[in-house]
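A quick write-up on the structure given underneath.
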Amino acid sequence: MTNDEKSLNFIEEIIEEDIKNGKHGGRVLTRFPPEPNGYLHIGHAKSIVLNFGLAQKYNGKTNLRFDDTNPVTEETEYVESIKNDIKWLGFEWAEELYTSDYFDTLYGYAVKLIEKGMAYVDDSTSEEIAAAKGTPTEPGKPTPYRDRDIAENLRLFEEMRSGKYPDGAKVLRAKIDLASPNMHMRDPLLFRIKHAHHHRTGDSWCVYPMYDFAHGQSDSIEQITHSVCTLEFIPHRPLYDWLIDQLEIFPSKQYEFARLNLNYTVMSKRKLLQLVNEQYVEGWDDPRMPTISGLRRRGYTPGSIRNFCERIGVAKRENIIDVGLLEFCIREDLNKTAWRRMAVLDPIKLTIINYPDGKEEMLTGENNPEVEDGEGEREIPFSNALWIEREDFMENPPKKFFRLGPGLMVRLKHAYIVRCEDFVRDTDGHVTEIRCTYLPESKSGEDTSGIKVKGTIHWVSIPHAKTVEVRLYDRLFNVENPAAESDFKATINPESLQIIEKAYVEPDLLNAISGKGYQFIRKGYFTLDTKSTSDRPVFNRTVTLRDTWAKELVKTPLL
RNA sequence: UGCCCGAUAGUAUAAUGGUAGUACAACUGAUUUUGGUUCAGUUAGUCUAGGUUCGAACCCUGGUCGGGCAACCA
């Protein structure tokens, strides 16, 4: 296989085979079918990239269909967020559709099934129905209502629809096989009574179809060619096919792939909702959440997420992806696009004793060293009083410490080489100031000093520094698979958010553009928070830079 | 103990009866005015037992392990 050829995933293989055989005239129509009862997360992104990607690749289209058959959990707020997230990811749907658009048709399908003697109204309670279904190892038994005649079933179903009965009094069930080894074929429920207000159809219905009598039928109505869903629907497939067969409608086909799991996070909507409701996080878009909106606020780009979804592949085996791969994808993206700026998060003062008091000069630094022209440059004010990072100085540095310490030299990024001559302690013995001399002939771009130094550090001129708030995020959970714990909330990382109320940044950072990524040199990638204001700028750390020095410290601790 | 799905380096994913490859991670080294980037390289894999075959990750059989299935949820 050459580099140009990319191997196909199993669904692509199926589609190519179908196209080759002229199935549906080579037409490909997929759908993305979210239930509007929560926000989209990175797992949905995998499905979105798959479904829309398949259509793009094979010259087809993708419908967006809200699977809104359960009025009690679904809300318009979720519809809006879902549409927004899909667009942000960069995809366009062919049609915006709702399963609730098909309620009339679905009702008609049910009548048709009753008329064929393939469905019946059951007055049993849900407990009775569950008991009569048997167990995986024992066949089910019929309830007393299974053999009602067609006319009576028709009349009762009509009465269910007209509101004659309270919730739970009756259900419509398919008449299939109570002894089937597949539990889903033991006379599954088709319609249930719910006197509830629906976010789109209002109060016009009090019977609502179940998933199994809505999803496949909606696929068929839309003439979806490839209905791609996750593994847990495999046992539903015989029912999916049975219903389409009995109703004699367009034969959509269902294919299942393994959903995405990411380590150190949770992916179920129920758990995410719990984190939101119980205020472990700020909301669905908290930057620690694996939601699309959370990742967006954190500073992830649509391209990085799409790329991640393509790299993880599509298969049928269960998987847990290392969140490190997601981080790799955003670093790869931001390294090429983020503008470089300097910010000091944990400051200590550095004074240049041979640089005149009150003197200042404007230095320049390219915005982006990864591209040819640097995407322009910005000015950086310099003086004899600077903030540097506290961790860039050590009183007793080891051999491989390429930063400041007594007698050591470093380059100040975009500025001069300095040598540490001295340092000052307070009465408690803490270092409060580092005193250096600088080499005037070592200025960046016009260095004639002939001196080479191993380290370069970032800095901010104290008289020119601006202050901003910086939020550092870490993984939300301390264990790889929180969902496997008896109490997943007990494994929440108490240090998942660290707020630095006063970080010093170079002045140009006040011009930061919302939505753009910035690299704080040597510290990581950051972006403006959605709640940032010009009075009080707030930056979120998207991800740190790779840090081989930190690894070195783990291998050979300094002290 | 019924039915269904699955099993390839640490994690994912290819190889579709003919040299087990790729990415991330890890580790070496080079380059570097970011301990970033980039470049070169190293380590590391077919769950198991049989069978078919000149030849099996791939086909067949048994086993083992993991996951799913009995919501008026989707």
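All chains are named by letter (A, B, ...) in the order of the sequence lines, taking the proteins before the strands, and each is independently numbered beginning at 1.
- Look at A:Glu232 and A:Arg259 and you find a salt bridge, because one of the NZ, NE, NH1 or NH2 atoms lies within 4.0 Å of a carboxylate O, short of that distance.
- Judged by distance alone, with hydrogens and angles left aside, A:Arg340 brings a side-chain donor or acceptor within reach of the base of B:rU34, the pair sitting under 3.5 Å.
- Look at the P atom in both B:rC65 and B:rA57: the space between them is 24 Å, to the nearest Å.
- Within 4.0 Å (heavy atoms only), A:Arg237 reaches no atom of the nucleic acid at all.
- Residue contacts for A:His458: at a heavy-atom cut-off of 4.0 Å it reaches no nucleic acid atom on any strand shown.
- Taking a pair to require two hydrogen-bonding distances under 3.5 Å in either a Watson-Crick or a G-U wobble arrangement, B:rC59 pairs with B:rG51.
- Put simply, CZ on A:Phe213 is 17 Å from P on B:rC72, counting in whole angstrom units.
- To the nearest angstrom, P of B:rG68 lies 16 Å from CD of A:Glu256.
- Taking atom C1' on both B:rA56 and B:rG17, the two are 7 Å apart, rounded to the nearest angstrom.
- In terms of polar N and O atoms assigned as donor or acceptor, the side chain of A:Glu370 comes within less than 3.5 Å of the base of B:rG36 in a complementary pairing.
- Under the salt bridge (charged side-chain N to carboxylate O under 4.0 Å, His left out) rule, A:Asp508 has a single partner from A:Arg340, A:Arg378, A:Arg341, which is A:Arg341.
- Checked against a 6.0 Å centroid threshold, the rings of A:Phe157 and A:Tyr107 count as neighbours.
- Not one side-chain nitrogen or oxygen of A:Lys316 sits closer than 4.0 Å to the OP1 or OP2 atom of B:rG67.
- In this structure, the separation between OH on A:Tyr240 and NZ on A:Lys253 is 8.5 Å, given to the nearest 0.5 Å.
- Between the C1' atoms of B:rA40 and B:rG45, the separation comes to 24 Å (whole Å).
- What separates CG of A:Leu239 from P of B:rA70 is a distance of 13 Å, to the nearest Å.
- Pairing for B:rA12 goes to B:rU22, judged as Watson-Crick or G-U wobble with the two contacts each under 3.5 Å.
- One P atom belongs to B:rU48, the other to B:rC58, and the distance between them is 11 Å to the nearest Å.
- Following rounding to the nearest Å, A:Glu332 (CD) and B:rC24 (C1') show an atom-to-atom distance of 11 Å.
- For B:rA7 and B:rA12, the P atoms lie 12 Å apart once the distance is rounded to whole Å.
- You won't find any donor-acceptor pair under 3.5 Å spanning the side chain of A:Thr456 and the base of B:rU34, going by distance alone.
- OP1 and OP2 of B:rG36 both lie 4.0 Å or more from every side-chain N or O belonging to A:Arg331.
- For the pair A:Asp447 and A:Arg411, the salt-bridge criterion is met [side-chain N within less than 4.0 Å of a carboxylate O].
- OP1 or OP2 of B:rA74 lies within a sub-4.0 Å distance of a side-chain N or O belonging to A:Thr69.
- Residue A:Arg522 has no polar side-chain atom (N or O) positioned under 4.0 Å from OP1 or OP2 of B:rU37.
- Evaluation of A:Tyr211 against the base of B:rA74 yields no stacking contact (centre distance < 5.5 Å, interplanar angle < 30° required).
- When the side-chain nitrogen and oxygen atoms of A:Arg192 are compared with OP1 and OP2 of B:rC73, one or more of them lie within a distance under 4.0 Å.
- Annotation: B:rG6 and B:rC59 have their P atoms spaced 11 Å apart (nearest Å).
- The existence of a salt bridge linking A:Arg522 and A:Glu389 is excluded, since no basic side-chain nitrogen approaches an acidic carboxylate oxygen closer than 4.0 Å.
- At the phosphate of B:rU13, OP1 or OP2 sits under 4.0 Å from a side-chain N or O atom of A:Arg317.
- One atom, CZ of A:Arg173, and another, P of B:rA70, lie 14 Å apart when rounded to the nearest Å.
- Residue A:Thr125 places no side-chain N or O under 4.0 Å from the OP1 or OP2 atom of B:rC72.
- When the side-chain nitrogen and oxygen atoms of A:Lys523 are compared with OP1 and OP2 of B:rU34, none of them lie within a distance under 4.0 Å.
- Counting any heavy atom pair closer than 4.0 Å across all strands shown, A:His414 reaches a base atom.
- Comment: A:Lys133 does not engage A:Glu128 in a salt bridge, judged by the lack of any side-chain N to carboxylate O separation of less than 4.0 angstrom.
- Look at CE on A:Met183: it is 18 Å from C1' on B:rC5, rounded to the nearest Å.
- With both ends at atom P, the span from B:rA14 to B:rC73 equals 36 Å, rounded to whole Å.
- Distance noted for atom C1' between B:rA23 and B:rU61: 36 Å (whole Å).
- Rounded to whole Å, the distance from CE on A:Met210 to C1' on B:rA74 is 9 Å.
- Following rounding to the nearest Å, A:Glu232 (CD) and B:rG6 (C1') show an atom-to-atom distance of 15 Å.
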